[in-house]
2 protein chains.
Amino acid sequence: MRISEGVEWAAHCCLLLDWMGVDEPVSTARLAAGYGLPPAYLNKQLQPLVRAGILTSTPGKRGGFRLARSLEDITLMDVLTAIEGPEEAFRCDEIRQNGVWADLPESAFRAPCAIDAAMRAAELEWRRALAARTLASVQTDAELQAPYLRRQVQDWYAEHYPAHTP
Amino acid sequence: MRISEGVEWAAHCCLLLDWMGVDEPVSTARLAAGYGLPPAYLNKQLQPLVRAGILTSTPGKRGGFRLARSLEDITLMDVLTAIEGPEEAFRCDEIRQNGVWADLPESAFRAPCAIDAAMRAAELEWRRALAARTLASVQTDAELQAPYLRRQVQDWYAEHYPAHTP
DNA sequence: GACCCACTACTCGGATAAGTGATGTCCGAGTAGGGTTGG
DNA sequence: CCAACCCTACTCGGACATCACTTATCCGAGTAGTGGGTC
């Protein structure tokens, strides 16, 4: 049971996009440079975010990614669901319907498996907490520790990887 | 991100062991028959429970597994940790230390990554809920839906897979 | 000089490999009980 | 008849294959800018 690293990458990239503060699309190459990630693979990880409506993509030269909405309107749950899919981590295979229970009438299985129900309830707490946390609030936490971050990001890109200037 | 099916198997087997209500060890073969599972693989899944102190195992003929303690004292968290290991689902790779942040002094990374902290906090809610749920309470839920379960288990085994009688 | 057009450089998007962990199988170490043999 | 011993049947435990999914890479479709040619 492990959450894909794509979740971490995606969340970081959303914050980075906001810190960069540009209105034009940012290419995968520039984003990847900001975290030292392999560009092609980062691109692959960001595509689900586009499908989920968290980012918008622009193809072609001068193309790239933009935040589709404010960080206020993106939760950690949104990011997780986009990358990992909507399915729950615990999936009940209904093994209770075999062996001992095989001969019971179908009505015996109307009620959900008690183990499944308990696991789902716990997982729901997790998702609730994720849904309550916006990327904006996470960004605020980061800036409380390091208020210079936005400036640092913009300066670094201006020096190391400036956008193509006309 | 998917929880191993071993967690479902392990939890069910603990309940089954209690329902069977025998004092002698129950072999993997009998347990597997109760849920229609492959015996050898179930054995493999139960071994971590022994290491975690949830079950005790007896080798040799007449060997098998027993509950090491009451269902009251086993939580879903215990089962999950035994099978999946103690590591968190979300593991931060500290990609923030690369690229833009590479030149910052080390002191900038004393504070934990804000994304990591938020993800961990949410995951903690999940684990808290799992730790609050004992197998006994899950069993109670199951019996509320089907009060005949304990009897059904014992009858089924007496008819289909009786323990070796001297 | 201005407009149109082909060409190049660069981007996303999905198709295609490589690697890692989960899933599944098999055999060896060890134990209990029963049968056999000797007293 | 009784006791000691060996032998068999059965069990867990871990070593050994198989498979799926995550991780990683590559090429094609498409777009914006550029340069040249033509009116």
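In what follows, every heavy atom counts, from backbone to side chain, and hydrogens, waters and symmetry copies are set aside. Note on naming: letters A, B, ... go to the chains in the order of the sequence lines (proteins, then strands), and numbering restarts at 1 for each one.
Qualifying ring pair (Phe, Tyr, Trp, His ring centres under 6.0 Å) partners for B:W101, counting only residues two or more places apart in sequence or in other chains: A:Y35. The ring pair (Phe, Tyr, Trp, His ring centres under 6.0 Å) test applied to B:Y41 returns B:W9, not counting sequence neighbours. The side chain to side chain contact (heavy atoms under 4.5 Å, CB included) search around A:A102 returns none, not counting sequence neighbours.
Spacing between atom CG of B:L49 and atom P of D:dC12 amounts to 13 Å, rounded to whole angstrom units. Counting to the nearest Å, the C1' atom of C:dC12 and the CZ atom of A:R30 are 16 Å from each other. Look at CD on A:E5: it is 5 Å from P on D:dT23, rounded to the nearest Å. Residue A:I83 contributes atom CD1, which lies 10 Å from atom P of D:dT23 at whole-angstrom precision. Atom CD in B:E84 sits about 11 Å away from atom C1' in C:dG21, given to the nearest Å. Atom CZ of B:R66 is separated from atom P of D:dC12 by 12 Å (rounded to the nearest Å). A straight line from CG of A:D93 to C1' of C:dA22 spans 14 Å, rounded to a whole angstrom. In this entry the distance linking CG of B:L31 with C1' of D:dC12 reads 13 Å, nearest Å.
Sorted by first and then second residue, the salt bridge (Lys or Arg N to Asp or Glu O under 4.0 Å) pairs involving residues 9-29 of chain A (not counting sequence neighbours) are A:D18-A:R150.
With contacts defined as side-chain heavy-atom distances shorter than 4.5 Å, the pair B:W19/B:E143 qualifies.
Residue B:S27 places at least one side-chain N or O under 4.0 Å from the OP1 or OP2 atom of D:dT11. Listed pair A:T28 / C:dT11 fails the phosphate criterion, with no side-chain N or O lying under 4.0 Å from OP1 or OP2. In this model, the phosphate group of D:dT23 is approached by a side-chain N or O of A:Y41 to a distance below 4.0 Å at OP1 or OP2.
When each of A:L42 and B:G64 is assigned the nucleotide of DNA chain D with its nearest heavy atom, B:G64 is the one assigned upstream, toward the 5' end. Along DNA chain C, the nucleotide closest to A:A29 and the one closest to A:M1 are compared, and the more 5′ of them pairs with A:A29.
Proximity note for A:Q45 (side chain, C-beta onward) versus C:dT23, D:dT23, D:dT25: the nearest is D:dT23.
Between B:H160 and B:W156, the ring-plane angle classifies as parallel under the 30° and 60° cut-offs.
Using a 4.0 Å cut-off between charged nitrogen and carboxylate oxygen, A:E125 and A:R127 do not count as a salt-bridge pair.
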Enumerate the protein-to-nucleotides 27-31 of chain C contacts in which both atoms are nitrogen or oxygen and the separation is below 3.5 Å.
from	atom 1	to	atom 2	distance (Å)
C:dG30	N2	B:K61	N	3.4
C:dT31	O2	B:K61	N	3.2

Filtered N/O pairs between nucleotides 13-15 of chain C and protein, under 3.5 Å:
from	atom 1	to	atom 2	distance (Å)
C:dG13	OP1	A:S57	OG	2.5
C:dG13	N7	A:Q47	NE2	3.4
C:dG14	OP2	A:Q47	OE1	3.3
C:dG14	OP2	A:R51	NH1	3.1

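In this structure, a donor-acceptor pair under 3.5 Å is absent between the side chains of A:Q145 and A:D141.
Checked by atom type and distance alone, the side chain of A:Q45 never pairs as donor or acceptor with a backbone atom of A:V7 at under 3.5 Å.
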